[in-house]
Visitor: 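Before I ask anything, here is the structure I am working with.
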2 protein chains.
Amino acid sequence: MDVKEAVEISKCLSNKTRMQIMEWLREPEKNFPPHVSIDHFDDGVCATYIFEKSRLSQSTISNYLTSMEKCGLLVMTRHGKWSYFKRNEAIITEFAKYLL
Amino acid sequence: MDVKEAVEISKCLSNKTRMQIMEWLREPEKNFPPHVSIDHFDDGVCATYIFEKSRLSQSTISNYLTSMEKCGLLVMTRHGKWSYFKRNEAIITEFAKYLL
DNA sequence: TACACATATCGATAATTGTCGATATTTGCA
DNA sequence: TGCAAATATCGACAATTATCGATATGTGTA
């Protein structure tokens, strides 16, 4: 990981809601209801649930999730009309090591 | 560590120069000359050296260092008219764990 | 005490980010 | 095929951050 990458990740984390999303996604079962169409959390959580929990607007959360995926913090998987997001543990570990 | 604290730390890290300062201070002997008045790096590096290496203005670096100390990333020690800054490894570790 | 050097603070302005509502796009289903 | 739900994008404006030069404050020394 280089400085630029680490700075982009830090930018994503430098906002309360985005930081909380990272926390929420650490334990999806505890923070979100089971999804209508899928009975597991293997691909994370549906964007709508994150949007509802956040209490911010849909467009804001869509932007957040996109930027978090762009910097590598999240992985997105599409299932039909739903987008699922989960933590990218590999890059989180890499980032943590980079700081030490 | 709580969300608020982690977000403040992230804000400090979300800037290239500040991120580099964290790197530079990981190995002071490799990145800075020995200081005129002290022959060790036990308390870190003199603010002037950081300012010179950064190529930003003195006021900007002074602000950076102050905010980095305020959020806990750096520890400042005064020796006469000089301020020395070093990494606060404890909080960095705590932050890294918080993310995982 | 007065000067010189190190650092901090102030005030300004440019640049970036936060956040929204409106609208566009994608996709499944009646 | 056409509507409805999920998500993405756009354009706008407010809020925050970046960064500077000027100046103030603190501190050691001639």
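Chain identifiers are assigned alphabetically (A, B, ...) following the order of the sequence lines, protein sequences preceding nucleic acid strands; residue numbering begins at 1 within each chain.
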Visitor: In residues 43-52 of chain B, which residues come under 4.0 Å of DNA chain C by heavy atom?
Guide: C46(B), A47(B), T48(B)
Visitor: Rounded to the Å, how far apart are I61(A) CD1 and dT7(D) P?
Guide: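 Rounded to the whole Å, the gap is 12 Å.
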Visitor: According to the salt bridge (charged side-chain N to carboxylate O under 4.0 Å, His left out) rule, which pairs have a member within residues 43-70 of chain B, sequence neighbours left out?
Guide: none
Visitor: Residues in salt bridge (charged side-chain N to carboxylate O under 4.0 Å, His left out) with K97(B), at least two apart?
Guide: none
Visitor: Rounded to whole angstrom units, what separation is found between the CZ atom of R78(B) and the C1' atom of dT25(D)?
Guide: 10 Å
Visitor: Under the rule for salt bridge (charged side-chain N to carboxylate O under 4.0 Å, His left out), what residues qualify as partners of E27(A), not counting sequence neighbours?
Guide: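 Applying salt bridge (charged side-chain N to carboxylate O under 4.0 Å, His left out) to E27(A) gives K30(A).
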Visitor: State which residues pass salt bridge (charged side-chain N to carboxylate O under 4.0 Å, His left out) with R18(B); sequence neighbours excluded, sorted by chain then number.
Guide: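 R18(B) satisfies salt bridge (charged side-chain N to carboxylate O under 4.0 Å, His left out) with no residue once adjacent residues are dropped.
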Visitor: With a 4.5 Å cut-off on side-chain heavy atoms, are L25(A) and I50(A) touching?
Guide: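 Yes. Closest side-chain heavy atoms under 4.5 Å.
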Visitor: Check each residue of residues 12-34 of chain A for a non-hydrogen atom within less than 4.0 Å of any atom in DNA chain D, then write out the ones that pass by number, or none.
Guide: none
Visitor: Base, sugar-phosphate, or nothing for S62(B), non-hydrogen atoms under 4.0 angstrom?
Guide: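 Base contact - S62(B) has a heavy atom under 4.0 Å of at least one base atom.
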Visitor: Indicate whether OP1 or OP2 belonging to dT17(D) is found under 4.0 Å from a side-chain N or O atom of Y64(B).
Guide: no
Visitor: Which atom pairs link the protein and nucleotides 1-4 of chain C when you take only N or O atoms and keep those under 3.5 Å?
Guide:
none

Visitor: Scan residues 52-80 of chain B for pairs that pass ring-ring contact (aromatic ring centres under 6.0 Å, His included), counting only residues two or more places apart or in two chains.
Guide: H79(B)-Y84(B)
Visitor: Could you walk me through whether S59(B) and S62(B) pass side chain to side chain donor-acceptor pair (under 3.5 Å), step by step?
Guide: CA-CA 5 Å; S59(B) 64; S62(B) 177; over 6 Å; no
Visitor: Under 3.5 Å, which N/O atoms of the protein pair with N/O atoms of nucleotides 21-25 of chain C?
Guide:
{"from": "dG21(C)", "atom 1": "N7", "to": "S59(A)", "atom 2": "OG", "distance (Å)": "3.4"}
{"from": "dG21(C)", "atom 1": "O6", "to": "S59(A)", "atom 2": "OG", "distance (Å)": "2.8"}

Visitor: Using the rule given for side chain to side chain contact (heavy atoms under 4.5 Å, CB included), can you reason through N88(B) versus I91(B), listing the C-alpha separation, both sets of side-chain angles and the distance that settles it, and then say yes or no?
Guide: CA-CA 6 Å; N88(B) 182 350; I91(B) 215 172; 3.9 Å; yes
Visitor: Atom NE2 of H79(B) and atom P of dT27(D): how far apart are they, to the nearest Å?
Guide: 14 Å
Visitor: Applying side-chain contact (heavy atoms from CB on, under 4.5 Å), name anything that partners A96(A), two or more places apart in sequence or on another chain.
Guide: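 Testing A96(A) for side-chain contact (heavy atoms from CB on, under 4.5 Å), a comparison that skips the adjacent residues, returns A96(B), L100(B).
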Visitor: Who pairs with Y49(B) by ring pair (Phe, Tyr, Trp, His ring centres under 6.0 Å), at least two apart in sequence or on another chain?
Guide: H35(B)
Visitor: May I have all residue pairs that pass salt bridge (charged side-chain N to carboxylate O under 4.0 Å, His left out) and include part of residues 80-90 of chain A, sequence neighbours excluded?
Guide: R87(A)-E89(A)
Visitor: Let's go through R26(B) and E23(B) carefully: what are the C-alpha distance in whole Å and the side-chain angles of both, what is the deciding distance for salt bridge (Lys or Arg N to Asp or Glu O under 4.0 Å) to 0.1 Å, and is it a yes or a no?
Guide: CA-CA 5 Å; R26(B) 195 185 294 117; E23(B) 287 183 34; 5.1 Å; no
Visitor: A side-chain contact here means heavy atoms from C-beta on lying under 4.5 Å apart; do I61(B) and T17(B) qualify?
Guide: yes
Visitor: Name the closest nucleotide to the L56(A) side chain, picking from dT19(C), dT7(C), dA6(D).
Guide: dT19(C)
